[in-house]
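A quick write-up on the structure given underneath.
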Amino acid sequence: MIQLFHVSKWYQKEVPALQDINLHIPKGDFVFVTGASGAGKSTLLKLLFAEERPTNGQILVHGRNIARLPFSRIHTLRRETGIVFQDFKLLPNRNVFQNVALSLEVLSLPQRDISRRVWLMLQRLGIQHKMRANPLTLSGGEQQRVAIARALVNDPVIFLADEPTGGLDHEASMKIMEVITDVNARGTTVLVATHNLEMVRSMGRRVIHLEGGRIAQGVAP
Ligand SMILES: Nc1ncnc2c1ncn2[C@@H]1O[C@H](COP(=O)(O)OP(=O)(O)O)[C@@H](O)[C@H]1O
Ligand SMILES: [Mg+2]
């Protein structure tokens, strides 16, 4: 489902953000990406969303080499992929409901279906009461839940989350992990970047540990 062959990403000339990454993530897997700040976690997720392009190597998603995908085809990849960025990227000129509905508008569904699906997803994340609020007026944890709702509302084949529990207390983190576990149980392939090792340990899932842009072998989190 997701395969990386000798993938490297250089932003600047001196040090690569990722170096010679080889990975195979089967369909339906649930994987944590761990590592210290600067290890390359966000870069790995951005490559899978074609937000960034690799400098070298191949990235196959459903057999397509997305490293070479023409811009016109990136839409298809993104329609099948839900992503929560570390900084959420919520639109400040739209309310919570409209931010989440955005993922469905491109699918040209009837307005009634859009409203129902957005409402159900907001309810699942316990944020439906903020439906009409401007995202800028929400707390960090609330914004995080809106970003997760937006990423999940169109039933993505792949779900990528960058520090989805960053800044949340244990209880709030576990609630979010419950939603993500549930999504994975329905068949979505999940990658979660986090430096919350306590949470990673408690979940007992596969871990890809990055160190200085490389996959560290045999390291228990
Ligand atoms: N847009 C960018 N331009 C230049 N350097 C970047 C950019 N994004 C990330 N980097 C660098 O790449 C490395 C990996 O960053 P990142 O993938 O954000 O790591 P992590 O998410 O694990 O903290 C870091 O050294 C970071 O400074
Ligand atoms: Mg990061």
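This chain uses plain numbering: 1 for the first residue, then up along the sequence. Note that the structure is predicted; figures quoted are calculated from it, not measured. First listed ligand is number 1; within each ligand, the first listed atom is number 1.
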Q: For atom 27 (O) of ligand 1, state whether the nearest protein heavy atom is under 4.0 Å away.
A: no
Q. In the protein, which heavy atom is nearest to atom 16 (P) of ligand 1, and how far is it?
A. Thr43 OG1, 3.7 Å
Q | Element-labelled atoms of ligand 1 that are located less than 4.0 Å from some non-hydrogen atom of Ser37 | A | 23 (O)
Q. Looking at the Mg ion (ligand 2), is one of the N, O or S atoms of Ser42 less than 2.8 Å from it?
A. yes
Q) If hydrogens are left out, which of Lys41, His195, Glu52 has an atom nearest to atom 22 (O) of ligand 1, that is, the closest non-hydrogen atom? A) Lys41
Q: Just need the protein heavy atom nearest to atom 19 (O) of ligand 1, so name the residue and atom and give the distance.
A: Gly40 N, 3.1 Å
Q: For residues Pro164 and Gln144, report the shortest heavy-atom separation together with the two atoms involved.
A: O-NE2, 3.1 Å
Q | Short N-O contact, Lys41 and Asp162, less than 4.0 angstrom | A | no
(Q) Taking Glu178 first and then Arg124, would you say they form a salt bridge - that is, a charged N and a carboxylate O separated by under 4.0 Å? (A) no
Q.
Tell me the protein heavy atom at minimum distance from atom 2 (C) of ligand 1, and give that distance in Å.
A. Tyr11 CD2, 3.4 Å
Q.
Please determine whether any non-hydrogen atom of Gly35 lies less than 4.0 Å from an atom of ligand 1.
A. no
Q: Could you tell me how the ring of Phe32 sits relative to the ring of Phe30: parallel (under 30°), tilted (30 to 60°) or perpendicular (over 60°)?
A: tilted
Q. Nearest to atom 20 (P) of ligand 1 by heavy atom, Pro16, Gly38, Ala17: which?
A. Gly38
Q: Please name the pair of heavy atoms, one in Pro54 and one in Val7, separated by the smallest distance, quoted to 0.1 Å.
A: CB-CG1, 3.9 Å
Q) N/O/S atom of Ser37 under 2.8 Å from the Mg ion (ligand 2), yes or no? A) no
(Q) Testing the basics here: between Pro92 and Leu136, what is the closest heavy-atom pair and its distance to 0.1 Å? (A) CB-CD1, 3.7 Å
Q) Is NZ or CZ of Lys46 both nearer than 6.0 Å to the six-membered ring centre of Phe49 and within 45° of the ring axis? A) no
Q: Report the part of Ala36 in contact with ligand 1, treating N, CA, C, O as backbone and CB onward as side chain, heavy atoms under 4.0 Å; options are side chain, backbone, both, neither.
A: backbone
Q: Do me a favour and list the nearest non-hydrogen protein atom to atom 18 (O) of ligand 1 with residue, atom name and distance?
A: Ser42 CB, 3.6 Å
Q | Residues Arg186 and Asp182 bridged, charged N to O under 4.0 Å | A | yes
